[in-house]
Amino acid sequence: MRKPFDIKRYPGFFPITCLCLFLLYTPLIVVMVYSFNDSNSITNWGGMSLRWYEEVFYGVESQKFKKAAFNSLSIAICAAITATTLAVCAAMAMLRTGVFRGQTLSFALINLPLMVPEIVTAVATLVFFSAIGFKTGYASILIAHIVFCIPFAYLPIAARMQSVDATYEQAAQDLYATRFEAFRLVLLPLILPGVISGFLLAFIISLDDFIITNFVKGAGIETLPTAIFGSVKQGIKPSIMAISTLLLLLSVVFVTLSYFVGRKGQQTP
Amino acid sequence: MNTAVEIENVTKRYGDVVALSSVSLAIEDNEFFTLLGPSGCGKTTLLRSIAGFEQLSQGDIKLFGDSIVDLPPNKRPVNTVFQHYALFPHLTVADNVGFGLQRQRLPSHEIASRVADILEMVQLGSYADRLPSMLSGGQQQRVALARALAPRPRLLLLDEPLSALDLKLRQDVRVELQQIQHDTGITFIFVTHDQEEALTMSDRIAVMSEGVLQQVGTPRQIYEAPDNRFVADFIGDTNLIDVQVTQVLDQCATCVLPGGASIACNNMAGASVGAGHLSVRPERVTLGPVDGSALQGEVSRLTYLGTDIHVTVALSDGGKMDVRVQNSDSAAIPQPGSTIGLYLDIAAARLLVD
Ligand SMILES: Nc1ncnc2c1ncn2[C@@H]1O[C@H](COP(=O)(O)OP(=O)(O)O)[C@@H](O)[C@H]1O
Ligand SMILES: [Mg+2]
């Protein structure tokens, strides 16, 4: 009898897997390990220490990085909240108003930003801001982030809303709930896992963005990625590795949260 | 008697599909009214129109005299038991049942006592804190009923509420539903595609087909005096015999059967000279000697049904007749292959035009 198809038995499966994992994770692990290096060098190991973390929080550049971190976090939170709200509205319009003309077009328009090369969006956003005479700075970064976060927030929310039968909201309305109450008391709790996933995704995407931010930020304001980039241009310091490790930790926490929220959501329909 | 619901000339189109075509109906207060028809005939569409989820293409719906077509669903004193119940999965049984009361802004102690009462009524008092997913199908159905009854609507709509239950449970729930309707005095509009359910439960039945109302009447009228072939065929089993009407005089029609025998029929849904159809229920046909019978044929098949034996007779002209013989009357049960005479109960045979 022939064995059933099993990709694990293909020749080369194991080495290829190892190579991929190696290429993906070794750089991250090196950065993480060397962030605890006691030496000034970024290549020679000089023993365990937390001195670069101390440097990040109390060193000469700490003020600059703290400010950048504050900008990044506040922008990410505001952008994620706004983008998630808009994405919920967009999903309601797309999925809860029946069939309308231009539905496919609307769907494409919402998701197109995912396909447009980021550099193009960056240039276009900058051109747009200067064309309307908008002063670059905190506000311009925030607006740009809200816009490019919308499709990322939209996808998990729409996927979730699609799986919730519209009859639940009708049952709520039948039981004297207004349309808004039907949304707040029935639909929103049922799509909450999708909303949280969307929010976390938007948050991470905003926190991590470099290209667009670098174009639209103007002088005198930095976010964490642009500050790191600025710092690296003058040579890689071990303190950068410490910052990177902290960022990585934050991402891992958020992605894990997002994963568990999504999984919990699947258990209750 | 008060009229609870008046449906006036209601038409609903979805693009080219006509889901309801000029339906007019009056439903009395305190009535157990059933909409019966095959799947896709527009029953759900009519219920949703009454509940407020469909914009009518044409027509008007009045509830106790007032037009409700311009009211949103939450302003209509009408509640629905949805086909798949649509219980809120994130709320407990008690919160599901209390949902409508909360939206009506009743004081919380009253909500609590009414929820407890109604859960007691549907025998789910001990399940108040469970989530719907932890209940069986029959229990979910009762929660859905309790949820719709709790706000004491003036009209309750039930969309095939028993179709997801197994047979035994369905029969118990039929009796319960009738009892609840009787006790609460709420007008019920009950939707089903199951004619037995309709016959056993309803005060009156409306039979629909392809968006058109076919007949409205009591179960007895619908079964014994169908208005047309669709109704006769859809409700119960019947034999439809093609006949020639040769004369109509004073509500008495002379019909010629395929074999040439002529009978006089005065049970008819309007008749004119020409082609007609005679509907005879299988239990209204008796078997007997060939000589002197109106129709003759050969017994082609016997089907054992427990209380009855179903006899299929192939007529000489190519048609067939179904006959039911009581199992207790063993002398009347024929042998397959034997030639036999068929005697129609003319008083119970109904002459139909179309
Ligand atoms: N939202 C809709 N869009 C298009 N056609 C519909 C819609 N709802 C129902 N229909 C059509 O209307 C007809 C009646 O449907 P329905 O009222 O659900 O029938 P029933 O409940 O008797 O099975 C069907 O032909 C169905 O395909
Ligand atoms: Mg239906």
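Numbers restart at 1 for each chain; the letters A, B, ... are given by sequence-line order, proteins then strands.
- Checked against side chain to side chain contact (heavy atoms under 4.5 Å, CB included), Thr125(A) has the following partners two or more places apart in sequence or in another chain: Thr121(A), Phe129(A), Ala144(A), Val216(A).
- The number of heavy atoms from other shown groups lying within 6.0 Å of CZ (Phe57(A)) does not exceed 12.
- Along residues 91-109 of chain B, the residues that come nearer than 4.5 angstrom to chain A, judged on non-hydrogen atoms, are Phe99(B), Gly100(B), Arg103(B), Gln104(B), Arg105(B) in order of number.
- The distance from the CZ atom of Arg179(A) to the CG atom of Asn74(B) is 10.0 Å, given to the nearest 0.5 Å.
- Of all residues spanning residues 177-191 of chain B, none has a heavy atom less than 4.5 Å away from chain A's heavy atoms.
- Judged purely by distance below 3.5 Å, without hydrogens or angles, the side chains of Thr80(B) and Asp174(A) pair a donor atom with an acceptor atom.
- For residues 43-58 of chain B, heavy-atom neighbours of chain A at less than 4.5 Å comprise Arg48(B), Ala51(B), Phe53(B), sorted by residue number.
- In Arg114(B), the CZ atom is crowded: over 12 heavy atoms of neighbouring residues, nucleotides or ligands sit closer than 6.0 Å.
- In this structure, the portions of Ala172(A) lying under 4.5 Å from any heavy atom of chain B include both its backbone and its side chain.
- Within a 6.0 Å sphere centred on CZ of Phe14(A), heavy atoms belonging to other residues, nucleotides or ligands number 12 at most.
- A 4.5 Å side-chain heavy-atom check between Tyr176(A) and Pro73(B) finds every atom pair outside the cut-off.
- Between Tyr168(A) and Phe88(B), the shortest heavy-atom distance links the atoms O-CE2, 3.3 Å.
- Crowding of Phe70(A) atom CZ: a count of heavy atoms from other residues, nucleotides or ligands under 6.0 Å not exceeding 12.
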(message) Walk me through whether His84(B) and Thr167(A) qualify under side-chain contact (heavy atoms from CB on, under 4.5 Å).
(response) CA-CA 9 Å; His84(B) 300 290; Thr167(A) 320; over 6 Å; no
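- The 12-atom threshold is exceeded at NZ of Lys66(A), counting heavy atoms of other residues, nucleotides or ligands nearer than 6.0 Å.
- Just one residue in the list Leu192(A), Leu190(A), Leu185(A), Leu188(A) forms a side chain to side chain contact (heavy atoms under 4.5 Å, CB included) with His90(B), and that residue is Leu190(A).
- Contact of Glu181(A) with chain B is made through the side chain alone, with heavy-atom distances under 4.5 Å.
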